[in-house]
Protein chains: 2
Amino acid sequence: MKITDMKVTPIAFADPPLLNAAGLHAPYALRIILELETDEHITGIGEIAGGSSVLKGLEEARKVVVGMDPFERNKIRIAIDKTFANLTDSLNIGYAHKGAARRMYSAINIALVDLIGKAIERPACDVIGGKVRDRIDFSAYLFYKYEGAGGRWGFGHNPDARGWDKAKEMEALTPEAVVEEARAMIKEYGFKSIKLKGGVLPPQVECDTIKALAEAFPGYPLRIDPNAVWTYETSVKYAPLLKQYLEYYEDPCKGQDAMARLGHVCDIPRATNMCTTSFEEIPSDIQKGATDIILADPHYWGGMDATIELGRICSVFGRKLSMHSNSHLGISMMAMAHVGVAVPEISYAMDTHYPWQCEDVIKGGRVKFDEGAIVVGNEPGLGVELDHEKLEILHRNYLKCGIKDRNDEIEMQKKVPGWTVSKHIF
Amino acid sequence: MKITDMKVTPIAFADPPLLNAAGLHAPYALRIILELETDEHITGIGEIAGGSSVLKGLEEARKVVVGMDPFERNKIRIAIDKTFANLTDSLNIGYAHKGAARRMYSAINIALVDLIGKAIERPACDVIGGKVRDRIDFSAYLFYKYEGAGGRWGFGHNPDARGWDKAKEMEALTPEAVVEEARAMIKEYGFKSIKLKGGVLPPQVECDTIKALAEAFPGYPLRIDPNAVWTYETSVKYAPLLKQYLEYYEDPCKGQDAMARLGHVCDIPRATNMCTTSFEEIPSDIQKGATDIILADPHYWGGMDATIELGRICSVFGRKLSMHSNSHLGISMMAMAHVGVAVPEISYAMDTHYPWQCEDVIKGGRVKFDEGAIVVGNEPGLGVELDHEKLEILHRNYLKCGIKDRNDEIEMQKKVPGWTVSKHIF
């Protein structure tokens, strides 16, 4: 079997005005959809975070991938690595860094695993060793937010919204409002654990929010993720208060050294998606004892195969595994779900932004949750098919919206003049 | 697809009187052949080192595997782990140790990968991510030896032997004789690098052998493996002499601590198949800096998938990867070859005992070498089929030969009364 083409389609879809340590989500979030076509007319699909450098990089990757056998993903990975290692000057956008090659390959690997699953008529998880569980739990991913819906409504409202769709348009800047947000999301999706995106309001308010969530949802595992804008001192200061509520403490402070020091004085398990985000950063993480839990993400670590390998590393070195997420659509949703049922070491409900979106590029409606989990069936590949009409609509969104790169800081400055990431430290 | 049966057949085949640090090879070597049968009439085959505890263990593993889906090898691995973790007292042969579960699963994993390859009509290497190379080099694996052929000839001769078959019956206890052994093996197989099994004669004689080989085969990468019966002091003493000849220095002395110390005073790359033989031993190897090269073996590390994972660990922690071998037949030969073409990190010619055997259990003659390499083609699975007549012959050998467990020390005592492993230290 040979890959005959790799179609790369940038898309934009409505995203609510969610707040985070880097600023504010723009009305549109960017993704890129990949289609790997073969001479046997089987197509594999993938999805990855958008942006102009990724788009340019995938065009380079395309030259490598076309003509290769989709089953030979080890060879494709190495070819991509070599290509990007040699691109230093011509593109001049940092592609020589291993991370760039890995990001390109991540998207391609997801499409390859989907393609192989379809070719052998087995679910994608079977391509990476098969299910260890039939369903994988996700957490309710809560945000502080401004009022509004994003997308074609800008930051305004959809007058027809009901239920969770209405709730997610509401402002949520207090503990009480976040509890209401949680109630609506959990009612809709059935999640059984909760993650709060922190690093937005003063730490005491965020701790009060965690306390309010703990009281409103007794027994629910809780997490907070200040995205490393708390200082080491702040992280230490709030640890005793948070300890009674938290399942894990995600990136309160910045860097492996600070996280390692935190481990000496705080016995809440420390999770990261910031200080250890690649295989290259694992040795120093281990040596320093920087973290307890790695938040894997097949979109950054090298795809679905790489998450199996990361799982093995975690079991060998006594780390646990959970999952990070960006704003995403249904192809990524299913890639994450297949990884979630296949990787033995994943032992927490995984993160997903999916409830915050309302559009998609897949046929037959959005991916369904069953009591907060995704049940992975036996459909070939990722179990979803690309809807080319929907893809075209979201591609036109991309062309019209004018956003080529995510920049939460600039978006925030539209609301709070003079706001900068560098000064946003607690 | 469901596994309906797992047939476990112990076999014995002729093995020449090869010397090593543990004593002497008996006239018969033991292996166990696995056949995983399915409700879709596709069978996967595997091969593993024999012995009574492995045989008993595989009978336990059989109870777990039957009824499972062969594609779900992550789930099977965990089920085997759990089974052996719970077997402490009933079998009373150390099965509760993780190594036992991993060894059982290793054999099963090879059969699963073969089975899946056959089911999807792709070579076994494609099940673990596909080829990164089309051929994999092996090394000429030289032994000091007594005269004789092993097997039905006991330690006598096959009067019809010619070429390498004749050469391998000759005594080889001097540098000159080992050079002749090398010439015959290399003429027959075309190997381009050489490994000497050491730890047999006094270190100076073994170093002289390496020197003689270097002179007879200029430019050939050389290795010596004293199987950790040299003291730390001896290992240090001979390092300056060996440095000019060796590609790597395999387990000269015993244990991660001694190997780590050796690294401080010796700049020959250190390889191991003794101080780091499982994922559990990796963290201390890394922390101590005990080795430079891990000699993987899918028969011990958890199968073919696990070798991909080990490769990733090696690349992350700056280790290189090569391959260990025991006396084996064609199924193992092909499992090793498929691993060899698929695992990107393997960067040395791999070890194999295959030239020392003359029998096999596969159809169509023994596996062929092409200038010291095995070329992995596109035949489904491992690319070899079990010959049940040959299997029956070697199974009858097993029943007749009376050997149930390998014990090179007892075999050696027949030649050298009073010889003991514990006193065999240089």
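Residue numbering restarts at 1 for every chain, and letters A, B, ... go by the order of the sequence lines.
Considering all non-hydrogen atoms of both residues, A:Ile286 and B:Phe317 come closest at CG1-CZ, 4.1 Å. Of all the heavy atoms in B:Arg73 and A:Asp126, the pair that sits closest is NH1-O, 3.8 Å.
Of the residues considered (B:Asp69, B:Val127, B:Leu310), B:Asp69 shows the highest number of contacts with chain A, using heavy-atom pairs under 4.5 Å. Between chain B and the options A:Val113, A:Val132, A:Ile308, the largest number of non-hydrogen pairs under 4.5 Å is found for A:Val132. If you tally non-hydrogen atom pairs under 4.5 Å between each of B:Glu281, B:Glu72, B:Arg122, B:Glu309 and chain A, the highest count goes to B:Arg122. By number of non-hydrogen pairs under 4.5 angstrom with chain A, the leading residue of B:Glu121, B:Gln287, B:Arg133, B:Arg77 is B:Arg77.
Within 6.0 Å of NZ on A:Lys288 lie more than 12 heavy atoms contributed by other residues, nucleotides or ligands.
Residues of residues 293-305 of chain A placed with any heavy atom under 4.5 Å of a heavy atom in chain B are absent; none qualify.
Not counting sequence neighbours, the partners of A:Asp370 by the salt bridge (charged side-chain N to carboxylate O under 4.0 Å, His left out) test are A:Arg135.
To the nearest 0.5 Å, atoms CD (B:Glu280) and OG (A:Ser315) are separated by 8.0 Å. Between the NZ atom of A:Lys75 and the SG atom of B:Cys125 there is a distance of 9.0 Å, given to the nearest 0.5 Å.
Only the backbone of B:Ile128 comes within less than 4.5 Å of a heavy atom in chain A; its side chain stays farther off.
Between the side chain of A:Asn74 and the main chain of B:Lys131, no donor-acceptor pair closer than 3.5 Å is present.
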